[in-house]
Every structure is written in C-alpha cells, then in structure tokens.
Amino acid sequence: MSAVLPIAVLITPVLPLPGGSGRALRAWDWLCELSRDHAVHVLVAAPASTVPAPPPHYPAADVRALGEVTRVTARYRRLLGLLFPPAAFISRRFVLDWQVPAQGFAEAAGRGLVWPAVRRIVVFRLYLRDLGVFLSRYCPTVELELDLDDLESHTRLSVAASLLRGRRYRAAARMLASAAQYRLVEQGLGRRCRTLYLAAPEDCRHLSRRTSADVACRPNRMRMPADVAPPPRPGELRLLFVGTLDYPPNEEAARDLAQRLVPILRARLERPWRLVVVGSHAAPELAGLLRRTAEIEFIAEAADLPGLYAASHVVLVPVRAGGGTKFKTLEGFAYRRPVVSTRHGVRGLAARPGEHYLPAETAAEFAAAIHRLAGDPPLAERIAEAGRRLCYSEYRVP
C-alpha cells in the first residue's frame, strides 16, 4: 500500500508552466520542488477564464482558479492609498494590486484539502500574502513561506523611472506612489511568515536590514533544453529580443531597438541582418512602429520559441529597469547563444562581462558588440558556451 503524501498549498497569480512568462516559470520551479515530497494543491488567484488547462501529466494533485472568491482592493481605497501612501500602515486594503479573500474563499480554497495533512503553504508574490495568512488559520502549526520574487518597492521605483523616460508622467506618478506603499508594507513582513524568498542577492541584502524574518535567495531557474541547435550557418545575421511588451521596461527596450539601434546597424553592418522582436500585448502604437521598421520581424505570439532561439545568432537584453533576475537572459544562456546585455539585464546573476556575455548600455555599444560577435565566430562560440555552462550549474531546475 502506497504511503499518503503530505499536502503542500501553492498560491500563485499564474498557472505554473515550464514555458511562458517569467512568473509562470518561477511558479513552475516551486511546483517541481514541492511535488517531490507533497501532494500539491495549486490555487491560482485569477479568473478561471484566464487560466489555461494544465498540460498532461501535470505534477499537481489539484488546480483551482480562485478569481471569483478573491478581490482586489476597492477602487476608492486604491486611489486614497496612492494619494496618501502611509495609509498602508492602517490597512493593506489601501495598497495597489493587493488581493484579499472574498466571500466563499475558505470553502473554495479548502475544497479537497485535509487540513491536518497540510505541511507547507507557499505564497508566490507579496500582494497575495493575505490569502495565505487566511488559510494558515486552519493549520496554525504550519508557518507561511512567502516568495516575493523581487523587492516590490525597488522594482516599482525602477519601473517608474522607465515610465518617466517614456514621458508617461501620470503612470510614473502612480508607480512612484505604489513604490512608497510597498516600502511601508515590506517593513512588517516578519510577522506570520517563516521565510521570505527573493531572486537577486542584492535584494536579499536590502530586505534583511528591514525585517526580522529569515530572508533567503532563491534564484530564478529554468528547465534546460534537452537539445540545443548549433549556431546557424553564416548568412543573414539574426538578432533576437524576447519580452512581454505591456511591461514598461520591455516596451522601452523594444522602442530603443527600433529607434536607436536599427539606424546604427543600418549604417554600420555590411552583412545582411534582421532583428526579431517577440512579445505579446504590445500597444497599437508600439506594434505599428515595429511593423513599419523594415529590418524588424515582429512576432506577437511565438508558437515555437525554441525554434526562434535556434535560428538566432545573438540574443539582446537591452532592458534598463525592472526587478529580480531576467529569464530572457537565462534563456539566451540556456539556448547557447551569445548574449549582449545591460548591467540591469544580468542583475542578480553570477555572470561576468566579457566571459558570459558582452556588456553594453547605449545603442552604440550594442551595435559595437553585435559587430564584434558577427566578425569573430570563435568569440561568439566562447561567450555562448560559457553562458550555457553558467546556466546549467547555477540556474537549472533539477
């Protein structure tokens, strides 16, 4: 007779999947770890219509969408919280994006659960914390684990700077106010949580100075592709950028590629070349810019992302804002392609410039790095191989 596994509850804003967004990948890493010793119940804090069906042989005992029994803070409270960030001390319901249990949450979340068998409750993302705290009442001996992923206050401040550079002043002001809110929320994270996880070591150092909870670094990791194609044959030089384009740092990066990098490459590169930009949810104006630029191939929905990496010579990571660590950088490493990146693009990773990637900050520096890699295949091969070895040793899902 097989032993009955203890139960773990994973609360996440997205369905954990081995491909897709960075959040889905990080949630998948959690699911893989928990499922080794637990029967995992995945609670997705999103409407059922937005949650895809789990693929075959999914490593979870149960998956439920909780959109109908969770709610985001009322609009008037969010507005008051943005106008007066210290209201976050009074109640978390003044905090932007914060989710709280609605009527019927306990029944929906607990369906099929045997509370005495619950051994771990892991909440992925800070703004879902109250959902985990609510469920922890039913198993008071289980300490809550909270995966922040990134430090929300720092990330939102960084995104605000990106919005300011794009002259989106109202959105930037809103993001600055929410950064102040989350800075206050982070002060009290030691209560009710056993461990706080962050992806970047520098975020761990910052938060450790402001909380009594245990702070641990949990790097972003990914499943390594089993087969990696060799570099494409000489011919048209193919450059690749991947990013969800409704996220301001990715939108800024795509716009910089089209408006700043392309003109330099157009004047400098003698070899035929093409820049492939892959990203969903682009605003109409940005999508139009990308489609009008002759040298850019814009793909809104990639049916075969591994194939696009296989067809590329160089992966570009020109992001200047955001938080945590970047899966787009890890993907470039994993698919064994030389990466050209800003400092921010390799933030939190043990990657050394000139060894694992080529550094660049401006469009001119990106163009120079691309030109260097295009003219020196042995260098491109060394950079690509070093990046893959680093990803395999440090950022691979076991």
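- Closest heavy-atom contact between Ser208 and Val215: OG-CB, 3.6 Å.
- Annotation: the span from Leu207 atom CG to Cys217 atom SG amounts to 12.0 Å, rounded to 0.5 Å.
- Between the side chains of Glu186 and Ser153, a donor-acceptor pair is found at a separation under 3.5 Å.
- For Arg218, the CZ atom is densely surrounded, since the number of other residues' heavy atoms within 6.0 Å is greater than 12.
- The backbone N or O of Arg238 lies less than 3.5 Å from a partner atom in the side chain of His313, making a donor-acceptor pair.
- Using a 4.5 Å cut-off between side-chain heavy atoms of Ile, Leu, Val, Met, Phe, Trp and Tyr, Leu82 falls into a hydrophobic cluster with Leu96.
- A donor-acceptor contact shorter than 3.5 Å links the side chain of Arg347 to the backbone of Gly324.
- Side-chain atoms of Arg156 do not come within 3.5 Å of backbone N or O of Leu176 as any donor-acceptor pair.
- The list of salt bridge (charged side-chain N to carboxylate O under 4.0 Å, His left out) pairs with a residue in residues 356-379, not counting sequence neighbours, reads Arg343-Glu361.
- The cluster map of Ile, Leu, Val, Met, Phe, Trp and Tyr, joined by side-chain heavy atoms under 4.5 Å apart, puts Tyr138 and Val122 in different clusters.
- With sequence neighbours excluded, no residue forms a ring pair (Phe, Tyr, Trp, His ring centres under 6.0 Å) with Tyr127.
- With 3.5 Å as the limit, one finds no donor-acceptor pair spanning the side chains of Asp214 and Thr195.
- Judged purely by distance below 3.5 Å, without hydrogens or angles, the side chains of Arg64 and His41 pair a donor atom with an acceptor atom.
- Scanning all heavy atoms of the two residues, the minimum distance from Tyr395 to Leu349 falls at OH-CA, 3.4 Å.
- Ion pair Glu251/Arg168 flagged as a salt bridge, since at least one NZ, NE, NH1 or NH2 atom sits closer than 4.0 Å to an Asp/Glu carboxylate oxygen.
- A donor-acceptor pair is defined here as one N or O able to donate and one able to accept, closer than 3.5 Å; no such pair exists between the side chain of Thr244 and the backbone of Tyr247.
- A donor-acceptor pair shorter than 3.5 Å can be found between the side chains of Asn250 and Lys328.
- Ionic pairing of Asp256 and Arg165 is not present here: no N-O contact between side-chain nitrogen and carboxylate oxygen is shorter than 4.0 angstrom.
- Screening Asp150, Asp147, Asp130 against Arg125 for a salt bridge (charged side-chain N to carboxylate O under 4.0 Å, His left out) leaves a single residue, Asp150.
- Salt bridge Glu285/Arg255: present, at least one basic N to carboxylate O contact under 4.0 Å.
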